[in-house]
Amino acid sequence: MPPRDYPLEPFWMPFTANRQFKAAPRILVSAKDMHYTTESGQRILDGTAGLWCVNAGHCRPKIVEAIRRQADTLDYSPLFQMGHPGEFRAAALVAQLAPTGLDHVFFANSGSEAVDTALKIALAYHRARGEGHRNVWVGRERGYHGVGFGGISVGGIPATRKAFGSMLPRVDHLPHTHNLERNAFSRGQPEWGAHLADELETRIIPLHDASNIAAVIVEPVAGSSGVLVPPRAYLEQLRAICDRHGLLLIFDEVITGFGRTGRAFAAQTIGVTPDLITFAKGVTSGTVPLAGVIVRREIYETVVNRAAPDTIEFPHGYTYSGHPLATAAAEATLALYHEEKLFDRARELAPRFEQAVHALKGTRPIIDIRNFGLMAGIELEPLPGKPGARGYQAFLRCLEKGLLVRVTGDIIALSPPLIISAAQIDEIAATLGSVLRELA
Ligand SMILES: Cc1ncc(COP(=O)(O)O)c(C=O)c1O
């Protein structure tokens with residue numbers, strides 16, 4: 001292994017056990033298609049598309065070239081009160097992929113910013129309609145919406161909330177839908193649990209009054225808390241309740257967007273259309289940060305057309321909302337998805353993927369396997385008194401054997417790039433099987 005020419009200490013790593021990592025670092029130095037290479041030259045099969053984002057595979061020449069060309073042509077242009085062609089083109093391409101009726105796109109840089117932006121758009125919309133009193137949010141337990149104060153408030157991951165005190169003041173949460181007793185080893189959407197959406201109508205709306213609620217925000221398939229697949233008819237039920245009471249429905253598709261579930265968005269795979277969609281990650285296949293919010297035309301028109309003429313209608317945006325490198329990356333990525341029919345490929349591979357992961361049933365520490373599109377969660381029985389320890393061991397052993405997985409507590413999450421081959425799906429399952437047998 002070549003010596004490192006950099007110190008480890010000054011960098012405060014995100015969502016990482018810094019001391020543990022720095023004592024035994026895991027450093028990736030390059031990537032190509034389905035593989036990473038470590039500093040010691042080991043090839044690692046990417047079972048997680050980086051962090052759920054590299055949907056087109058790594059270092060794809062057409063995307064790399066588009067970024068390079070853009071850096072050489074227009075590196076940056078001010079994005080407030082000025083424009084550049086790429087942001088308009090990229091927005092049109094994203095809108096084309098979105099469910100019918102959602103056709104305006106606001107850009108941000110990260111999923112967390114996209115979530116904050118979506119919450120602000122919801123407030124701006126209600127206010128423009130004379131309903132500025134709507135400021136109660138409804139999130140869901142075990143929901144992950146990034147790490148901004150908006151996102152942690154509507155999110156339901158205790159570790160991201162407990163240390164950060166004041167959050168948005170008026171938030172309620174739906175119950176999560178995970179139930180091992182009822183739904184363990186479900187393939188695709190579980191049968192049990194649609195009624196869990198009813199709590200919106202039976203408890204939350206009566207408590208706060210519908211007239212005060214701004215929006216309900218959920219991930220259609222919860223990713224970061226361990227791939228929690230929505231029960232059949234659950235999202236349909238949420239949509240119906242929101243419609244009955246005039247609440248906006250936001251789908252956070254930061255993970256599920258851009259082919260992960262076999263269509264551009266999970267909204268289309270499942271057949272439920274929200275009012276706003278947040279996206280990030282796959283829009284550039286992880287190459288350059290880009291994120292955003294897609295909204296129904298009426299939301300855009302209400303906020304924009306009801307503002308006084310010649311004013312900035314929505315005083316919100318980031319220095320890099322539609323950065324030229326990011327929009328160039330998005331244009332090239334979306335073209336590649338189209339050219340290689342990668343969303344169809346994900347849909348066609350999904351049964352094979354389902355078969356491969358469910359074949360692990362019976363390996364002793366596994367207490368649940370669940371899947372949707374090219375996402376799967378494999379839940380392990382925690383070691384007594386040591387929650388998360390077995391999951392971390394599995395992560396390390398997989399890495400030693402040349403496979404990158406993501407773990408959240410004792411749940412292994414799989415979300416490979418959409419270019420994965422059937423043989424590589426089998427390789428993931430075989431490596432996981434041998435690791436889990438060791439850990440039994
Ligand atoms: C559903 C969802 N929303 C928001 C985010 C936050 O995105 P970011 O890490 O880009 O801020 C994530 C990140 O994984 C996510 O999964």
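In listed order, ligands and their atoms are each counted from 1. The analysis underlying the following values was restricted to heavy atoms, covering all of them including side chains, and did not include hydrogens, waters or symmetry mates. All of these numbers come straight from a predicted model, not from anything done at the bench.
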Mark up the atoms of ligand 1 that fall under 4.0 Å of a heavy atom belonging to I255, in ascending order.
16 (O)
Less than 3.5 Å apart, any donor N or O on the side chain of Q355 or R187 sitting next to an acceptor on the other?
yes
Report yes or no: do D198 and Q237 form a side-chain donor-acceptor pair below 3.5 Å?
yes
Ligand 1-proximal atoms of E219, by part, heavy-atom distance under 4.0 Å:
side chain
Would you call A280 a ligand 1 contact, heavy-atom distance under 4.0 Å?
no
What residues, two or more places apart in sequence or in another chain, satisfy side chain to side chain donor-acceptor pair (under 3.5 Å) together with Y392?
Q20, R26
Going by distance alone, is a donor N or O of one side chain under 3.5 Å from an acceptor N or O of the other, for H316 and K120?
yes
Could you list which atoms of ligand 1 come closer than 4.0 Å to a heavy atom of S224?
14 (O), 16 (O)
Protein contact of atom 11 (O) of ligand 1 - nearest heavy atom, named by residue and atom, plus distance
S112 OG, 2.6 Å
Honestly, for W52 the part within reach of ligand 1 (heavy atoms, under 4.0 Å) is neither
Return each pair, listed once, that meets salt bridge (Lys or Arg N to Asp or Glu O under 4.0 Å) where at least one residue sits in residues 134-145; pairs must be two or more places apart or across chains.
E131-R134
Classify the side-chain pair H35/D46 by whether it contains a donor and acceptor separated by less than 3.5 Å.
no
Closest non-hydrogen protein atom to atom 8 (P) of ligand 1, residue and atom name please, with distance?
G111 N, 3.4 Å
Using a 4.0 Å cutoff against the non-hydrogen atoms of H145, which atoms of ligand 1 qualify?
3 (N), 4 (C)
Contact with ligand 1 for K281, non-hydrogen, under 4.0 angstrom
yes
In this structure, atom 3 (N) of ligand 1 is nearest to the protein heavy atom D252 OD2, 2.7 Å
Judged by atom type as modelled, is there a donor-acceptor pair below 3.5 Å linking the side chain of K281 to the main-chain atoms of L51?
yes
